[in-house]
Amino acid sequence: MEDHFTYGPCRGPCAVCGQPGAVCARCRVAFYCGKDHQRMHWKLHKPVCGCLEVRTDERVGRHIVAIKDIPARTILMRELPLVVFPFNPTQALLQPDTEDLEPIEGGKVCLCVACCMKVDNPIPCVHCGWPLCKRSCPHLDRHSTECAAFQMGKYKYHGDITSVDTTDLDLLAAIRIWLASHKEKERGPRLLKLQHEIPAPSAKKGTVDAAMLKKASELFWKKVLSTAVRALLVMGSNEREANEGIKRALGSSLINSFGSNHGLNNRKGEYSGAALYAGLSLLEHSCVPNARTAQADGDSDAVILVASRDIAAGEHVTISYHDNPLANLHERWVDNATRGFVCRCELCEDPTEKGTYFNAWCCTTCKRNDRKNLVTLVGAFGWRCKVCKASGPNPDPAVQELQKSFRHLQVLMALDENPAGEGVQRLWQGYIDAALWPKGPLHPTHHLVVKAAAELLTLGDNVCPPRQPATLREAAYLVEHCRKLLDVIDVLRPPINTYRREVVMYLFNFNLEKLLLHRGQRQSNTRTLKSTIDKLKKELSDLLADIRHISISQRELETCERLQTQFGLVSGMASLFM
Ligand SMILES: C[S@@+](CC[C@H](N)C(=O)[O-])C[C@H]1O[C@@H](n2cnc3c(N)ncnc32)[C@H](O)[C@@H]1O
């Protein structure tokens with residue numbers, strides 16, 4: 001058993017009867033109440049028990065590989081956090097919306113440094129002054145070691161506890177990690193094994209400006225490091241130890257921390273915590289991941305890793321470090337740069353982005369000669385046509401034009417509370433048509449076209465205000481847009497993801513429900529619509545099976561219930577079209 005995968009809950013519900021049981025010593029994922037039930041379950045469990053291995057390569061350093069074929073939805077890991085701390089330090093490293101990477105001034109937050117929940121009226125810890133939700137916070141143990149150290153060193157937090165600077169929280173996180181690494185027998189050695197140095201960006205020439213990245217991180221180091229080291233010196237640490245230790249702690253939190261969107265206990269919603277894990281922190285990032293993290297059952301902080309699709313033996317197991325499935329190359333680049341690396345996943349390394357051409361457009365120089373040659377994006381900020389060798393900045397002026405049109409429409413819509421329904425929709429569609437090849441430079445799955453399709457969905461609400469029943473034509477049109485979005489998402493992300501669920505929910509919330517109001521209507525395209533609905537029904541039931549299987553959070557389960565009600569509605573509605 002790899003040491004990396006051993007920091008998980010020891011007890012949990014038996015996989016056979018649900019009674020309290022002990023964890024399988026080999027994989028640390030399944031629980032059994034006794035030998036009998038373990039034997040009974042072995043045939044099912046054997047194919048996935050101990051299916052992961054840690055390996056190292058030059059491309060991504062240490063990573064996790066599947067050593068057996070793993071079916072979708074298998075739970076691959078179950079882990080407890082080594083350290084939980086408020087806020088995710090990576091967010092303060094770089095300014096995401098600009099090409100000049102500069103550290104941003106820390107934001108202000110009002111939270112409890114123990115449970116990491118946002119609070120309205122924090123109280124200062126009587127011993128050290130850091131904000132707490134209440135004296136009896138159930139997670140006070142997270143704060144106790146540093147609190148004792150702060151008392152010993154007579155270090156008191158004097159900032160405004162109703163509006164704590166996130167850079168102060170970076171400092172607190174660094175000290176908390178440092179203390180756990182040095183004082184805790186079980187967690188310490190595991191924390192010290194985490195990657196803590198940002199490697200020099202290993203991207204191909206031109207892909208990233210290494211100096212820019214270095215400059216941004218140096219500024220970040222200076223700011224937090226010096227304060228944290230000062231604090232440790234006050235607490236009696238020697239200078240070299242304090243410098244090295246805090247640098248290491250900051251580095252490992254920057255590179256490895258998981259935010260609350262990765263399933264850490266965020267059941268109550270207002271959670272602002274991040275955590276480090278021994279095994280999960282070894283997971284490699286991919287913009288087309290094959291696994292995802294989720295909150296485990298129960299109230300514990302345990303997080304599970306679940307296969308989002310079938311994973312073949314020998315494949316790297318990957319998750320996405322970020323959330324937006326429709327992010328373009330530039331947005332993804334900035335996201336990864338905030339963690340200090342350049343993504344080398346199959347999507348980013350392939351100029352056609354797995355055949356979606358999500359970022360590529362047809363070269364405008366070749367287009368003048370009626371040729372449809374795609375430009376290749378060079379890094380985050382430039383493009384080059386392999387055929388005519390033309391090059392330029394990203395985005396291309398033609399793409400900028402389309403962006404401008406979208407902004408124009410958005411402003412129009414914001415100004416007009418009751419936009420001119422189908423007219424606006426036609427205008428919007430007109431912009432897309434003008435941008436699409438052969439009129440414009442864009443491939444149908446360029447990210448702007450995909451995002452425009454998403455915008456059209458929201459516009460649907462204006463086209464048919466809730467009181468007005470939708471016509472079959474309108475519904476078919478919107479179903480088509482949902483389809484397009486789902487097609488792109490299928491390539492970019494495996495079946496389970498929030499965005500996908502949102503698109504499907506949109507369909508069920510909006511047009512299909514409204515279609516019900518039109519039950520008297522008979523139109524020639526009902527058969528096509530019915531087959532679309534059938535496909536969506538299948539998709540929805542798969543989605544529900546996934547959600548049920550993993551049993552994520554109360555909120556998601558509620559969503560699931562809602563989807564099921566709507567699913568029933570749609571089944572009934574489909575029969576009306578027969
Ligand atoms: C959370 S750690 C993963 C484990 C790490 N490789 C180790 O040896 O401990 C994140 C680091 O892994 C590397 N990495 C992960 N995914 C990558 C990717 N898609 N492309 C390039 N580097 C990646 C980067 O160095 C990144 O800073």
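The first residue in the sequence is number 1, and the count goes up from there. Atoms within each ligand, like the ligands themselves, are counted from 1 in listed order.
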Element-labelled atoms of ligand 1 that are located less than 4.0 Å from some non-hydrogen atom of V342:
20 (N), 21 (C)
Can you tell which part of Y321 has a heavy atom less than 4.0 Å from ligand 1: side chain, backbone, both or neither?
side chain
Geometry only, no angles: is S286 polar-contacting ligand 1 at N/O separations under 3.5 Å?
no
Classify the ring geometry between F150 and W130 as parallel (under 30°), tilted (30 to 60°) or perpendicular (over 60°).
parallel
Only one of E79, R190, E186 passes side chain to side chain donor-acceptor pair (under 3.5 Å) with T6; say which it is.
R190
Do the charged groups of R59 and E349 touch, with an N to O distance under 4.0 Å?
no
For residues R28 and G8, report the shortest heavy-atom separation together with the two atoms involved.
NH2-O, 4.2 Å
For E284 and ligand 1, does the shortest N/O to N/O distance drop below 3.5 Å?
no
Taking ring pair (Phe, Tyr, Trp, His ring centres under 6.0 Å) as the test, write out the residues that go with Y7, two or more places apart.
none
On a heavy-atom basis, which atom in L172 and which in P86 lie closest, and how many Å separate them?
CD2-CG, 4.0 Å
Which of the atoms in ligand 1, numbered in the order shown and given with their element, are less than 4.0 Å from a heavy-atom of N256?
1 (C), 2 (S)
What's the verdict on side chain to side chain contact (heavy atoms under 4.5 Å, CB included) for E184 and T145, showing C-alpha distance, side-chain angles and the deciding distance?
CA-CA 10 Å; E184 302 264 344; T145 313; 4.3 Å; yes
So the atoms of ligand 1 within less than 4.0 Å of a heavy atom of I255 turn out to be 1 (C), 2 (S), 10 (C), 11 (C), 27 (O)
So, regarding S281 and ligand 1 (criterion: nitrogen or oxygen to nitrogen or oxygen, under 3.5 Å), is there a contact or not?
no
Between I64 and G279 the two heavy atoms that sit nearest each other are CD1-O, 3.6 Å
Is any N or O atom of L283, backbone or side chain, closer than 3.5 Å to an N or O atom of ligand 1?
no
The option among H196, Q195, H285 carrying the non-hydrogen atom nearest to atom 5 (C) of ligand 1 is Q195
Atoms in ligand 1 with a heavy atom of R344 nearer than 4.0 Å:
18 (C), 19 (N), 20 (N), 21 (C)
With a cut-off of 4.0 Å, which atoms of ligand 1 are near a heavy atom of C343?
19 (N), 20 (N)
